[in-house]
Amino acid sequence: MKRNYYIVALIMLTFFVISFVTNVIGPLIPDIISGFSLSLTLVALLPFAFFIAYGVMSIPSGMLIEKYNEKKMMVVAFIIASVGSLLLAIVPNYLTAVLSLFIIGCGFAMLQVVINPLLRTAGGEEHYAFNSVLAQLIFGAASFLSPLVYSYMVLNLKDVSNKSLNIFRSLVPANLPWISLYWLFAVICILMIVVIAVSKFPKVELTSEEKAGALETHIMLFKRRVVILYFIAIICYVGTEQGTANWISQFLSTYHGYDPQTTGANAVAYFWGLMTAGGVLGLLLLKIMDSRKVLVIFTVLALVCLSAALFGSAKISLIAFPCVGFFASVMYPIIFSLALNSVSEHHGSFSGILVTGIIGGAIVPLIIGWLGDHIGLRYGMLFLYLTMGYILLIGFWAKPIIKNKTIFDKKEMV
């Protein structure tokens, strides 16, 4: 099939939007706490609501995609996300924030299920690996950009001489300037609906590896020990990622007095930016080393950086937190590939189960918030040692059927 560059670009834009909206939650946490007078546990229910939606919607979306076409699914997904954004923008309070983030999460879960097989079809199977890596880089770029946009909007809304944001000043409560982001998200989602509606999509034929499979298949897989172990692994990874990113700004504000709207937001931005850079290095290392060794090395270094961030000085903490992102960069792709390479069948259904493990982004930040209310945020974040420790152990017990091929393997074949 001829490559459809327009649809590939549209998918990349979709990845950008998903990341741009998703990863602004962390920088917002200090403002949400002060704006709604919340405890750490209550504010942690916000990312919980967002990521639990992935657990609710991922497998059903995989089944729906076999009945409805990709264009309809993407339009509906962005409609759902725009409704969620408008709900919080129009009625800004804590309860609507929880409901809003759950609704947005449902929409984005649907999108994640749709766009990966669509990327394979539109970009060509032989280019799928390259396009997938490109999508991850774009995802990381959006994660880096969104905290900076938050910082710009919040600071400039206070500056009445800046006329470019007047429309937001008339819509946003003065004590909740961060709500302006959800007006922006609603506009972006509506624009995406229009763009997708007028676009012509190619017909996607799901391979047996991409089909969600029957409910009985999922139940059968959940009875296998290796499936459970890797499902827990994805929970631990996403929990580590979000449990770090969501609490960076609040930690720096609480223990070192940094302004969450500037320094805190920048630290979160660099966490995501360095995660993207680390991913590039990880790709190179996977060409010369077994993926399990790369996972062990990067996880140990991530643990060292986390320790420095939690117990070091203000300047060390400011540097070490983003470095955790750098070394966490390889965890997800390596865990996912080890998982799929550890079973010989039903990869489509297994992928759906693994994606459902994104609920780790709901569970771990909530646990940290609850612990933070009782023993302090610093010691609450020590829970990340457990999630990273589990990831570290994967490098020792994983026994994939197929190992990643390195340049040395090629030389041996010659």
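In this text, all values refer to a predicted model and were calculated from it rather than measured experimentally. Quick note: residue numbers are just sequence positions, from 1.
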Would you say the side-chain atoms of R292 pair up with the backbone N or O of F396, donor to acceptor, closer than 3.5 Å? no
Find out whether C236 and Y390 are in side-chain contact, i.e. whether some heavy atom of one side chain is under 4.5 Å from a heavy atom of the other. yes
Without swapping roles, check the side chain of Y54 against the backbone of G361 for a donor-acceptor pair under 3.5 Å. no
In terms of heavy-atom contacts, does OH of Y379 have more than 12 from other residues, nucleotides or ligands at under 6.0 Å? no
For F251, does the six-membered ring have the charged nitrogen or CZ of R378 within the cation-pi criterion, i.e. under 6.0 angstrom from the centroid and within 45° of the normal? no
Applying side-chain hydrogen bond (donor to acceptor under 3.5 Å, both in side chains), can you list everything that pairs with Y385, at least two apart in sequence or on another chain? S307
Is there a side-chain contact between M331 and I234 in this structure, where contact means two heavy atoms from C-beta onward sitting under 4.5 Å apart? no
Side chain to side chain contact (heavy atoms under 4.5 Å, CB included), that's the test. Do L318 and L252 meet it? Break it down for me. CA-CA 8 Å; L318 196 59; L252 293 174; 3.7 Å; yes
Say whether T263 and N266, considering side chains only, have a donor N or O and an acceptor N or O under 3.5 Å apart. no
Determine whether F16 and L145 make a side-chain contact, defined as any pair of heavy atoms from C-beta on separated by less than 4.5 Å. yes
When rounded to the nearest 0.5 Å, the distance separating CZ of F15 from CG of L137 is 11.5 Å
Between F144 and Y270, is the gap from one ring center to the other below 6.0 Å? yes
Exam field: side chain N246 to backbone P365, donor-acceptor pair closer than 3.5 Å: no
Mind checking whether Y255 and W247 have ring centres under 6.0 Å apart? no
Exam field: side chain S37 to backbone I33, donor-acceptor pair closer than 3.5 Å: no
Under the 3.5 angstrom rule, does the side chain of S151 hit a backbone N or O of Q261 as a donor-acceptor pair? yes
Out of curiosity, Q112 CD to T22 OG1, how far, rounded to the nearest 0.5 Å? 7.5 Å
Working to the nearest 0.5 angstrom, can you tell me the gap between L392 CG and T387 OG1? 11.5 Å
Test ring pair (Phe, Tyr, Trp, His ring centres under 6.0 Å) applied to W178 and W183, F36, F168, F185, the passing residue: F36
Under 3.5 Å, is there a donor-acceptor pair linking the side chains of S146 and N23? no
Atom CG in D259, atom OG1 in T262: separation rounded to 0.5 Å? 3.5 Å
Output, in order, the C-alpha distance, side-chain angles, deciding distance and verdict of side chain to side chain donor-acceptor pair (under 3.5 Å) for Y6 and S199. CA-CA 9 Å; Y6 173 79; S199 300; 2.6 Å; yes
Pair M381-L384, side chain to side chain contact (heavy atoms under 4.5 Å, CB included): steps then yes or no: CA-CA 6 Å; M381 292 186 74; L384 295 171; 4.1 Å; yes
Sub-4.5 Å side-chain heavy-atom contact between V149 and F20: yes
Heavy-atom side-chain proximity of L281 to F326 below 4.5 angstrom: yes
Qualifying residue, where the test is side-chain contact (heavy atoms from CB on, under 4.5 Å) with V43 and the options are L28, I32, I25: I32
Determine, stepwise, if the pair L99 / L95 fulfils side chain to side chain contact (heavy atoms under 4.5 Å, CB included). CA-CA 6 Å; L99 180 58; L95 291 178; over 6 Å; no
So R225 and L229, side chain to side chain contact (heavy atoms under 4.5 Å, CB included) or not? Walk me through it. CA-CA 6 Å; R225 181 172 176 269; L229 289 174; 3.7 Å; yes
With side chains defined as the heavy atoms from C-beta onward, is the minimum distance between F102 and M57 less than 4.5 Å? no
Check for a donor-acceptor pair, side chain of T14 on one end and backbone N or O of L10 on the other, with a separation under 3.5 Å. yes
Rounded to the nearest 0.5 Å, how far apart are CD1 of I368 and OG1 of T244? 6.5 Å
Sub-3.5 Å donor-acceptor pair from the side chain of T96 to the main-chain atoms of V91, do we have one? yes
Should we count CD1 of I375 as having more than 12 external heavy atoms under 6.0 Å? yes
What distance do I358 atom CD1 and F50 atom CZ have between them, rounded to the nearest 0.5 Å? 9.0 Å
Within a reach of under 6.0 Å around NZ of K71, are more than 12 heavy atoms found that belong to other residues, nucleotides or ligands? yes
Can you confirm whether F51 sits close enough to I359 that some side-chain heavy atom of one is under 4.5 Å from a side-chain heavy atom of the other? no
